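One-based numbering along the sequence shown. Worth saying up front: this structure is predicted, and the values here are computed from it rather than measured.
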Amino acid sequence: MAAQCLAARLRVPATMMLLALGVLVGPVLGLLRPCAALGPSLRPLVGLAVAIVVFEGGLALDVRELRAAGERGRLRTGPASS
């Protein structure tokens with residue numbers, strides 16, 4: 001929760017703060033060793049976490065905004081040439 005409050009104050013996504021905290025606690029300080037703690041279940045848990053993040057991102061996706069961005073990109077690049 002502290003990472004989310006700090007992220008809101010700095011106006012960056014909370015995911016960035018949580019990622020930085022994870023790197024600090026894991027590889028930098030060595031306080032957490034996921035391979036030793038979780039063993040062979042680490043890879044499936046990471047896969048599940050990635051799937052949840054992607055799913056949640058898809059739920060938050062605004063299709064109208066995506067189409068508008070595609071139209072703007074098409075106008076900038078012009079028609080495709082072969």
Side-chain angles (χ1 to χ4, degrees):
M1 186 147 141
Q4 292 175 335
C5 291
L6 182 61
R9 180 167 273 221
L10 295 174
R11 295 183 182 175
V12 296
T15 308
M16 296 298 290
M17 297 307 292
L18 293 170
L19 182 64
L21 180 65
V23 168
L24 182 68
V25 170
V28 174
L29 298 176
L31 298 175
L32 182 64
R33 299 187 192 283
C35 289
L38 298 173
S41 61
L42 177 65
R43 290 184 75 92
L45 287 175
V46 168
L48 179 63
V50 169
I52 290 171
V53 168
V54 170
F55 178 75
E56 193 261 335
L59 289 177
L61 190 64
D62 186 3
V63 177
R64 290 176 295 220
E65 208 173 294
L66 188 62
R67 283 187 185 140
E71 290 297 322
R72 285 191 304 266
R74 194 172 304 138
L75 291 174
R76 272 189 224 137
T77 59
S81 58
S82 323

Using 0.5 Å steps for rounding, measure from the [atom1] atom of [X] to the [atom2] atom of [Y].
X	Y	atom1	atom2	value
M16	L21	CE	CG	13.0 Å
L24	L32	CG	CG	11.5 Å
L38	R43	CG	CZ	13.5 Å

So which atom in [X] and which in [Y] form the shortest heavy-atom distance, rounded to 0.1 Å?
X	Y	result
A14	A7	CA-CB, 3.6 Å
S41	P44	O-CD, 3.3 Å
P27	G22	CD-O, 3.9 Å

Side chain to side chain contact (heavy atoms under 4.5 Å, CB included) partner of I52, chosen from L48, V54, V50: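 It is L48, the one option of L48, V54, V50 that forms the side chain to side chain contact (heavy atoms under 4.5 Å, CB included) with I52.
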
Between V63 and L59, is there a shared hydrophobic cluster once you connect ILVMFWY residues whose side-chain heavy atoms come closer than 4.5 Å? no

Linking I/L/V/M/F/W/Y whenever any side-chain heavy atoms sit under 4.5 Å apart, do M17 and L19 land together? no

